[in-house]
Amino acid sequence: MRSLLFVPGDSEKKLEKGFSSEADVVIVDLEDSVSADNKASARQIAAEFIRTQAGRQGPAIYVRVNDLSTGLTDDDLAALVPTRPTGIMLPKSNSGADVQQLSVKLRVHEAENQLPDGGIAILPIITETAAGVLAAASYAGACNRLAGLTWGAEDLSAAIGARTTRDERGAYTDVFRLARTMTLLAASAAETAAIDTVYPNFRDMDGFRRECEEAERDGFTGKMAIHPAQVAVINDAFTPSPEATTQAGAVVEAFKAAGNPGVVAIDGQMYDRPHLRRAERLLARAKAAGVQV
């Protein structure tokens with residue numbers, strides 16, 4: 001999952017455009033981009049549209065349901081689980097316990113629809129509340145449905161009363177840098193993917209590209225998008241380059257040829273086990289992106 005594109009669930013036109021993009025994942029949104037009055041119609045429109053995609057090549061499908069505190073989650077699941085989505089995005093997740101609760105709900109809906117038990121993945125947004133940020137470590141071992149962890153800044157800013165998420169230079173302020181860092185660490189502890197948050201100014205492509213490159217540098221493996229024009233930039237930034245892939249392959253082969261020791265030398269430079277692990281992860285990402293390794 002490199003690129004994850006949000007598409008409002010109540011717009012057939014935007015759904016069609018999103019599913020025609022090069023995104024790895026389309027997130028059909030029933031939450032923030034849908035007004036309270038449109039929730040029921042969004043479920044119907046989204047479910048009917050997803051059914052039309054059956055058998056077609058295209059992105060994986062995740063559905064962002066309304067969070068557990070709204071009382072709308074069960075209706076969302078009842079309408080959308082029968083369409084066999086790849087996964088469910090859980091907003092405003094406060095801890096691993098929320099993921100467990102969603103998993104129990106999914107198990108019931110999977111059984112009712114003769115779907116494989118545990119087949120639908122979960123991608124929680126873990127930093128949209130103060131409690132969520134503070135409970136980031138609770139996702140490790142919480143649920144085998146986890147497809148990754150991601151974070152959000154805008155809902156957190158509303159929750160804590162921050163006037164803005166960024167300073168005058170465009171950099172995140174301290175509390176949002178903390179939320180970003182906690183997501184990276186929590187994903188590593190849970191041995192799952194870390195997905196970076198959206199970049200709201202979709203017209204600022206230079207700033208967006210920089211943020212993608214910084215996220216990839218720091219360990220994120222993908223990024224969410226709010227506009228189809230952002231997808232190509234994400235895919236480019238999170239696809240390992242041929243040079244990086246070649247170098248990683250050389251590290252892996254050097255360890256293999258030497259009998260898998262603790263340290264090897266390549267061109268006068270020493271590489272130890274962390275270098276090997278990093279090389280293996282990069283090759284796995286390249287393979288997932290369709291790069292020849």
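With hydrogens and angles disregarded, a donor-acceptor distance shorter than 3.5 Å links the side chain of Thr150 to the backbone of Ile195. A donor-acceptor contact shorter than 3.5 Å is absent between the side chain of Ser11 and the backbone of Val7. Checking side-chain atoms of Thr239 against main-chain N and O of Asp236 turns up no donor-acceptor pair under 3.5 Å. Counting only distance, with no hydrogens or angles, the side chain of Arg209 and the backbone of Val233 share no donor-acceptor pair below 3.5 Å. At least one donor-acceptor pair under 3.5 Å links the side chain of Lys39 to the backbone N or O of Glu31. For the pair Glu191 (side chain) and Ala187 (backbone), a donor-acceptor distance under 3.5 Å is absent. Looking at Asn38, its side chain never comes within 3.5 Å of a backbone N or O of Ala42 through a donor-acceptor pair. In this structure, the side chain of Asp196 does not engage the main chain of Phe220 through any donor-acceptor pair within 3.5 Å.
Each of Asp67, Asn66, Thr73 was scored for a side chain to side chain contact (heavy atoms under 4.5 Å, CB included) with Ser69, with one residue passing: Asp67. Across Val133, Thr164, Thr181, Thr165, a single residue satisfies side chain to side chain contact (heavy atoms under 4.5 Å, CB included) together with Phe176, and that is Thr165.
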ask   = What do the steps show when you test Asp218 against Arg180 for side-chain contact (heavy atoms from CB on, under 4.5 Å), and what is the final call?
value = CA-CA 10 Å; Asp218 291 344; Arg180 178 181 184 272; 3.0 Å; yes
request  = Walk me through it: do Val175 and Thr173 pass the test side-chain contact (heavy atoms from CB on, under 4.5 Å)?
outcome  = CA-CA 6 Å; Val175 67; Thr173 58; 4.3 Å; yes
ask   = For Val28 and Ile50, what are the C-alpha separation, side-chain angles and deciding distance, and is it a side-chain contact (heavy atoms from CB on, under 4.5 Å)?
value = CA-CA 9 Å; Val28 178; Ile50 292 172; 4.1 Å; yes
task = Please test Ser103 against Ile122 for side-chain contact (heavy atoms from CB on, under 4.5 Å), starting from the C-alpha separation and ending with a verdict.
result = CA-CA 8 Å; Ser103 181; Ile122 297 175; 4.2 Å; yes
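Taking the six-membered ring for Trp and the full ring otherwise, the centers of Trp151 and Tyr139 sit at least 6.0 Å from each other. Aromatic rings of Phe19 and Phe49 (six-membered ring for Trp) have centroids within the 6.0 Å cut-off, being under it.
In this structure, Leu90 and Val65 approach most closely via the heavy-atom pair CD1-CG2, 4.5 Å. Closest of all the heavy-atom pairs between Ile126 and Ala186 is CD1-CB, 4.1 Å. For Thr197 against Ala153, the heavy-atom pair with the smallest separation is OG1-N, 4.3 Å. Of all heavy-atom pairs spanning Ala286 and Thr245, the tightest one is CB-OG1, 4.0 Å. Across all non-hydrogen atoms, the minimal contact from Ala194 to Gly219 is CB-O, 4.4 Å. Considering all non-hydrogen atoms of both residues, Val99 and Cys143 come closest at CG1-CB, 3.6 Å.
Leu5 is not listed as a side-chain neighbour of Ile27, based on a closest heavy-atom distance of 4.5 Å or more. Between Leu283 and Lys287, the closest side-chain pair of non-hydrogen atoms is not below 4.5 Å. The shortest distance between side-chain heavy atoms of Leu115 and Arg107 does not fall below 4.5 Å. At least one side-chain heavy atom of Leu77 sits less than 4.5 Å from a side-chain heavy atom of Ile88. At least one side-chain heavy atom of Leu282 sits under 4.5 Å from a side-chain heavy atom of Pro240. The shortest distance between side-chain heavy atoms of Phe238 and Cys212 falls below 4.5 Å. The shortest side-chain heavy-atom distance between Glu213 and Glu216 does not fall under the 4.5 Å cut-off. No side-chain heavy atom of Ile61 sits under 4.5 Å from any side-chain heavy atom of Thr83.
Phe202 and Met224 fall within a single hydrophobic cluster, where Ile, Leu, Val, Met, Phe, Trp and Tyr side chains are chained together by heavy-atom contacts under 4.5 Å. In the hydrophobic cluster analysis, where Ile, Leu, Val, Met, Phe, Trp and Tyr join through side-chain heavy atoms closer than 4.5 angstrom, Leu72 is grouped apart from Leu102. In terms of hydrophobic clustering, with Ile, Leu, Val, Met, Phe, Trp and Tyr side chains grouped at heavy-atom distances under 4.5 Å, Val26 and Ile120 are assigned to a common cluster. Residues Leu123 and Leu68 are members of separate hydrophobic clusters, defined by side-chain heavy-atom contacts under 4.5 angstrom among Ile, Leu, Val, Met, Phe, Trp and Tyr. Follow the hydrophobic side-chain contacts under 4.5 Å out from Ile234 and you never reach Ile226; the two are in separate clusters.
The aromatic rings of Tyr199 and Phe208 sit tilted, their planes meeting at an angle between 30° and 60°. Tyr271 and His275 have perpendicular rings, their planes meeting at more than 60° on a 0 to 90° scale where under 30° would count as parallel.
Here Lys223 pairs with Glu211 in a salt bridge; the nearest charged N to carboxylate O distance falls below 4.0 Å. A salt bridge is absent between Lys92 and Asp98; no separation between the charged side-chain nitrogens and carboxylate oxygens falls under 4.0 Å. We find that Glu110 and Arg145 are joined by a salt bridge, their nearest charged nitrogen and carboxylate oxygen being less than 4.0 Å apart.
Here OG1 of Thr127 is found 11.0 Å from CG of Leu134. Values are rounded to the nearest 0.5 Å. For the atom pair CZ (Arg43) and CG (Asp75), the distance works out to 4.5 Å, reported to the nearest 0.5 Å. Expressed to the nearest 0.5 Å, how far CG of Asp155 lies from CD1 of Ile125 amounts to 7.5 Å. Put simply, CG on Asn201 and CD on Gln230 are 9.0 Å apart, with the number rounded to the nearest 0.5 Å. Here Ser21 contributes atom OG and His227 contributes atom NE2; the two are 11.0 Å apart, rounded to the nearest 0.5 Å. Of the inter-residue distances, the one linking Asp29 atom CG with Met89 atom CE reads 9.0 Å to the nearest 0.5 angstrom.
When the salt bridge (charged side-chain N to carboxylate O under 4.0 Å, His left out) test is applied to Asp174, the partners found at least two apart in sequence or on another chain are Arg177. Scored by the side-chain hydrogen bond (donor to acceptor under 3.5 Å, both in side chains) test, Arg210 finds no partners at all (sequence neighbours excluded).
Both tests pass for Arg166 against the ring of Tyr172: distance under 6.0 Å to the centre and angle within 45° of the axis.
Within a 6.0 Å radius of CD in Glu12, other residues, nucleotides and ligands contribute 12 heavy atoms or fewer. Few gaps surround CZ on Arg217; more than 12 heavy atoms of other groups in view lie less than 6.0 Å from it.
Side-chain contact, Asn94 with Thr129: a donor N or O sits under 3.5 Å from an acceptor N or O.
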